[in-house]
Amino acid sequence: MSQAPTVSVSQFVGLLNQTLEYAYPDIIITGELAHFSVRKDKWVYFDLKDDLASVRFFGTVYQLPGPLEDGMMLAVSGMPRLHPKFGFTVNVQSMRPIGEGSIKKAADLLKAKLTQEGLFDESRKRALPYPPEHIGLITSSESAAYHDFIKVLGARWGGMQVSLADVAVQGEMAVPQIIAAIEHFNQLPLTPDVLVITRGGGSTEDLQAFSDEQLTRAVAASRIPTLVAIGHEVDVSLAELAADRRASTPSNAAEMLVPDRRAESNHIQLQRRSLRQSVQKIIEIADRSTIERRQKILILAKQHLNQASINLNHQQLLLGALDPNKALRRGYALLSKDKTAIYSGSQLAVGDNIEVKISDATLTAEVKKVTIRK
Amino acid sequence: MNDDKPTYQQLSAKLDSVLSQLQEPDVDIDQALKLYEEGLQLAKKCEAHLKRAENKLTKLAPQAKLG
């Protein structure tokens, strides 16, 4: 008894905590949630229990994966500690629901909460640039999802910049790394045109990160438009609901993001043809109107010409009627004396020589008698 | 995004608009020829985008992963 160490109560608490820290630097405890409560909007208290035992936990609301309910199964990593006044507790470092039922329950509760906040509203959805020039890609470079996405993207479209944030897409590090990547891209001086967050399918637990509250909020808060593609069969993750667009698989994401260069090339050929046809049509219409106008001018000119020739005929007739030779041919004679036409008997005296012009001869005659008619 | 260089989306939208202007009933021939020239130039630029084969992939530095 005398060899036993003697310590004060505070020293004893200190010693115990050192021992606990040394013995369990890193431990995850699983159990059913009971007596869950939040105080002052900040402190979280709960028990984890199984058939035989129940242990008290303490944490903050920032460590919650989302809304929780008694009866859920949780996995909690934390530091066991003896509090100097309040006794034994485990200080929470991180926590997540486990088992399909609890994960689904937690996701449903969170979904209801975020839906109420309006995080998934259609009115928040933005259009993605089509095609983008610069893509911020958030995925694991070792995943099939990454290779599928890059392959389909490259087959369809080129000349883009793809910046990859290589992150864990499942496990403890997935949520903090994906959130950090979203924030990193949003803080760049030249931000990408779109963020693509993708991974292939997996079990409900594998995909859990994509229904995490903080991650879902980070997707919703991104100033860069987002496309989230998680390959899965049944439930849609909350991150997908918060994204501007969602795709069913990584390949589908690439198809949604960029056009297919062959289809575009055909389309441009059609547009070229359409350009040519439209302009040809306009030229033809212009040509046709020129021809029509030329014909109109010809018709008008002909009408003028006809009128002129009718007038000419009239004048010719008139002229013909006035021709003195015509009168001579009808038996009249034209008299003149010393090249002066005689139109009165007073111009003549007996014995004058005059010229008599008839239709086919000129006679010289002598005046024998002049009788002036009154 | 590069501001001084139009994106494919912008070029393609412009080409669509030129085409629909060209199909207006009251477009005169001088205008039509101008639009046609413009349309051809736009189609050429669009096709240049299609010919860009490679995508440039850059990996973010690992420290960026955790912010």
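Sequence lines set the chain letters: A, B, ... in the order given, protein chains first and strands last, and positions in each chain run from 1. The structure displayed is predicted, hence computed values, not measured ones.
- Interface remark: Glu183(A) contributes no atoms to any contact with chain B (heavy atom separation under 4.5 Å).
- Contacts between Arg262(A) and chain B at a heavy-atom distance below 4.5 Å are absent for every atom of the residue.
- Residues in residues 212-230 of chain A take part in these salt bridge (charged side-chain N to carboxylate O under 4.0 Å, His left out) pairs, two or more places apart or across chains: Lys113(A)-Glu213(A), Glu117(A)-Arg217(A), Glu213(A)-Arg217(A).
- When heavy atoms are compared at a cutoff of 4.5 Å, Glu47(B) approaches chain A by way of both its backbone and its side chain.
- Distance alone, capped at 3.5 Å, places no donor-acceptor pair between the Arg276(A) side chain and the Tyr36(B) backbone.
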Working note: Gln177(A) + Val169(A), criterion side-chain contact (heavy atoms from CB on, under 4.5 Å); need CA distance, chi angles, decisive distance, verdict.
CA-CA 9 Å; Gln177(A) 287 186 355; Val169(A) 289; over 6 Å; no
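- Other residues, nucleotides and ligands contribute more than 12 heavy atoms inside 6.0 Å of the CG atom of Asp28(B).
- No hydrogens or angles considered: a donor-acceptor pair under 3.5 Å links the side chains of Gln21(B) and Ser17(B).
- The most heavy-atom pairs under 4.5 Å with chain B, out of Arg261(A), Gln187(A), Gln161(A), Gln269(A), come from Arg261(A).
- A pairwise comparison of heavy atoms in Val27(B) and Glu24(B) identifies CG1-O, 3.5 Å as the closest pair.
- Heavy-atom distances place no part of Ile135(A) under 4.5 Å from chain B, backbone and side chain included.
- The most heavy-atom pairs under 4.5 Å with chain A, out of Leu19(B), Ile29(B), Val18(B), Asp16(B), come from Leu19(B).
- The most heavy-atom pairs under 4.5 Å with chain B, out of Leu153(A), Ile283(A), Val279(A), come from Val279(A).
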